[in-house]
Amino acid sequence: MTDTLSRTRRNIVILVAAQAILGAQMSVIFIIGGLAGQILAPNPCLATLPLSMIILGSALSARPLARFMQMRGRQAGFLLAVLAGGLGAAIAAAGLWSGSFLLFMAGSLLTGIYMSAQGFYRFAVTDTASDEMAPRAISWVMAGGLAAAIIGPAIVRMTSDLTAVPFLASYVAVIGLNLLGPFLFAFLDIPIPPAPRTGDDQGRPMGQILRNPVIIVAMICGMVSYALMNLVMTSTPLAVVGCGYAPSDAANIVSAHVLAMFAPSFFTGHLIARFGATRIVAIGLAILAAAGGVALSGAELPQFFGALVLLGVGWNFGYIGATAMLTRAHTAAERGRVQGMNDLVVFGGVFVASLSSGGLMNCAGGSPQDGWSAVNLAMLPLLALAGASLIWLVLRGRQDGVLQK
């Protein structure tokens, strides 16, 4: 028992560090990706397409990466991902240098493999944790994003104008972050799952797994929480700069947003343990709705800051709560398949949101303010979907005599 606890604590420290240091690259890329895309894209409606390619790469790699880690272990999967992240940043930098939008998008697609792996940090930390400790372990790993929220925007401020080609030095810095990955993951201690043998529990067929209402609702709420966060965050730098503010203002707003995404993680796990994941997800959806309301109230800096902070907190409650729901609804033998399917659904939804974001922002009105309003109004149908599914789950639990937590 002592050895298992010690191993879990060690893995928490390493994965928190990975979330903080390696995860900073995602803050960098989501601050500058749309602005760089706007420079390179042949049409302004396509400005956020490179960011959408990151999400597409993440969605396409989620299931293969989950299977790879099930066979080869978490360490091998995470090392493969930092290789892809570094290579993707190098190709994107080459696209900026040569002025090639297609090359820039190709690099973004590879970056998606790293993003997918980062999403598995929260699952990896539960591999050696007890059921009681798992929600808190997830929260601690997610809290590593606080450091990423400071490191990423700081890199942008230091590097965005460092070279004649805007943002080129920022992508070189991202390559450097990925080079730190092998040193971090050398200390990760998560056993490779044993190969299944005849007679071992193989878990339920995927069709039966997907008939579990908790798994379905967890996937929907996780997808909606992440998709709405990405929909609004992707357009934020374009909206801020389009409304007459400086790129440094956009970096500060995104920094505040990312801090708000991860700061609640210090206590989200405790809230889930006390009140249940279902209630925390419901609160997260309500906060996301409030974020949209603040954004629609105006396009001044206070409204941008307020909306993006609420967006971060709502994502934290909705996404971590949905993750906790999911991890309690499948067995160890089903882990790779369920987690891979979940992230395929989540990042598939995020891809659609990201793809829509640039079009809504740049092509849905006559001014940046009109585009910003269109982005935030687009939140409504997804909020309705997630809210309805959560209510259905709770009512179903009451009907069955068990309140879904």
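Quick caveat: nothing in here was measured; it's all calculated off a predicted structure.
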Evaluate the side chain to side chain contact (heavy atoms under 4.5 Å, CB included) criterion for residues M379 and V232: first the C-alpha distance (whole Å), next the side-chain angles of each, then the deciding distance (0.1 Å), finally the verdict. CA-CA 9 Å; M379 297 173 71; V232 177; 3.9 Å; yes
For N11 and T8, indicate whether the former's side chain and the latter's backbone hold a donor-acceptor pair under 3.5 Å. no
Closest heavy-atom pair, G86 versus I175, reported as atoms and distance to 0.1 Å, is O-CG1, 3.8 Å
With respect to M115, which candidate in S108, S61, S58 satisfies the side chain to side chain contact (heavy atoms under 4.5 Å, CB included) definition? S58
Can you name the closest pair of heavy atoms from M325 and A218 and give their distance? CB-CB, 3.9 Å
What orientation do F78 and F185 show, parallel under 30°, tilted 30 to 60°, or perpendicular over 60°? tilted
For the residue pair Q25 and Y171, confirm or rule out a side-chain donor-acceptor distance under 3.5 Å. no
Interatomic spacing from CG in N252 to CZ in F305 - rounded to 0.5 Å: 5.5 Å
Any side-chain heavy atom of I283 sitting closer than 4.5 Å to one from F275? no
Heavy atoms, side chains only, cut-off 4.5 Å: are M361 and P368 in contact? yes
Assess the side chains of S357 and S235: does a donor N or O sit below 3.5 Å from an acceptor N or O? yes
Worked check of side chain to side chain contact (heavy atoms under 4.5 Å, CB included) between N178 and L87: CA-CA 9 Å; N178 282 287; L87 184 59; over 6 Å; no
Between OG1 of T111 and CE of M26, what distance do you get to the nearest 0.5 Å? 7.0 Å
Looking at P237 and F30, what are the two nearest heavy atoms and their distance? CG-O, 4.0 Å
Side-chain heavy-atom pair L79, L83 within 4.5 angstrom cut-off: no
Determine whether the side chains of D370 and S367 contain a donor N or O and an acceptor N or O closer than 3.5 Å. yes
Using the ring centroid of each side chain, check whether W315 and F262 are separated by less than 6.0 Å. yes
Locate the shortest heavy-atom distance separating A149 from L259; write the atom from each residue and the value. CB-N, 3.4 Å
Okay, side chain of S98, backbone of A94: is any donor-acceptor separation there less than 3.5 Å? yes
Under a 4.5 Å cut-off applied to non-hydrogen side-chain atoms, are W372 and C243 in contact? no
From L385 atom CG to L390 atom CG, the distance as rounded to the nearest 0.5 Å: 11.0 Å
Is the shortest side-chain heavy-atom distance between L231 and L360 below 4.5 Å? yes
Is there side-chain contact between N342 and I215, with heavy atoms separated by less than 4.5 Å? no
Between OG1 on residue T268 and CG on residue N316, distance to nearest 0.5 Å: 4.0 Å
Quick check for you: to the nearest 0.5 Å, what is the distance between F104 atom CZ and F167 atom CZ? 9.0 Å
Does T236 form a side chain to side chain contact (heavy atoms under 4.5 Å, CB included) with H257? I'd like the steps, not just the answer. CA-CA 10 Å; T236 296; H257 164 67; over 6 Å; no
In Å and rounded to the nearest 0.5 Å, what is the CE to CG distance from M105 to L49? 5.0 Å
So do the side chains of I150 and L146 get within less than 4.5 Å of each other, counting heavy atoms only? no
Yes or no on side chain to side chain contact (heavy atoms under 4.5 Å, CB included) for I39 and L35, after CA distance, side-chain angles and deciding distance? CA-CA 7 Å; I39 294 170; L35 296 172; 5.8 Å; no
Identify the heavy atoms of I220 and A386 that sit nearest to each other, and give their distance. CG2-CA, 4.1 Å
Closest non-hydrogen atom pair, V82 against P182: CG2-CD, 4.2 Å
I want to check something: taking the side chain as every heavy atom from C-beta on, are Q75 and F187 in contact at a cut-off of under 4.5 Å? no
